[in-house]
Structure formats: structure tokens, C-alpha cells
S.K.: 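Below is one structure. I have some questions about it.
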Amino acid sequence: MSKPKKRTFSKVKAAKANARDRVGTPPPARVLPDPKQKRASKPKHKTTLADLLSATEQP
């Protein structure tokens, strides 16, 4: 079995670990709503007056 690889010191990782100890972990990222899904949920065109009148006469 070979010897485990020695880890090199990273200034960036050490600074981030120090900041996490002092301030705490950052809040999780929020997912932004997708504008395409928002547009897809709404109809592209308003219903016309003829469609509204024909819908009320059906029942």
C-alpha cells in the first residue's frame, strides 16, 4: 500500500475556513424564478369578446 499524498497548504482555503469560523456559513443560494416559465403560464393573447360570449351561451 502506498503512502497517502501530502496536502499542500492553500492560502485561499485557509482564509475561507477562518472566515467561516468567525462569521458562520453563508446562507444557501436562492433560486431565481425562470422568466420563460412565468410567461408560459399566462396566455399569449387575451380572450376575444366573441369567445367570451360563445362560452356563456354553451351551458
Side-chain angles (χ1 to χ4, degrees):
M1 195 162 138
S2 63
K3 210 161 108 177
K5 188 176 181 182
K6 192 174 182 181
R7 292 187 180 153
T8 58
F9 180 75
S10 172
K11 292 179 189 177
V12 175
K13 288 183 182 178
K16 286 183 179 184
N18 191 17
R20 268 189 243 106
D21 289 341
R22 290 178 185 220
V23 179
T25 56
R30 291 188 298 170
V31 178
L32 297 174
D34 191 21
K36 288 184 179 179
Q37 285 182 347
K38 194 173 185 182
R39 268 189 259 131
S41 64
K42 294 181 182 177
K44 281 195 171 186
H45 305 287
K46 290 184 177 179
T47 54
T48 60
L49 184 61
D51 291 339
L52 289 172
L53 291 175
S54 64
T56 57
E57 292 174 9
Q58 291 294 333

S.K.: Can you name the residues that form a side chain to side chain donor-acceptor pair (under 3.5 Å) with R7, not counting sequence neighbours?
M.R.: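 R7 satisfies side chain to side chain donor-acceptor pair (under 3.5 Å) with no residue once adjacent residues are dropped.
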
S.K.: Return all side-chain donor-acceptor pairs below 3.5 angstrom for residues 11-33, not counting sequence neighbours, or 'none' if the list is empty.
M.R.:
| from | atom 1 | to | atom 2 | distance (Å) |
| --- | --- | --- | --- | --- |
| N18 | OD1 | R22 | NE | 3.4 |

S.K.: Among all residues two or more places apart in sequence or in another chain, which pass the side-chain contact (heavy atoms from CB on, under 4.5 Å) test with T48?
M.R.: A50, D51

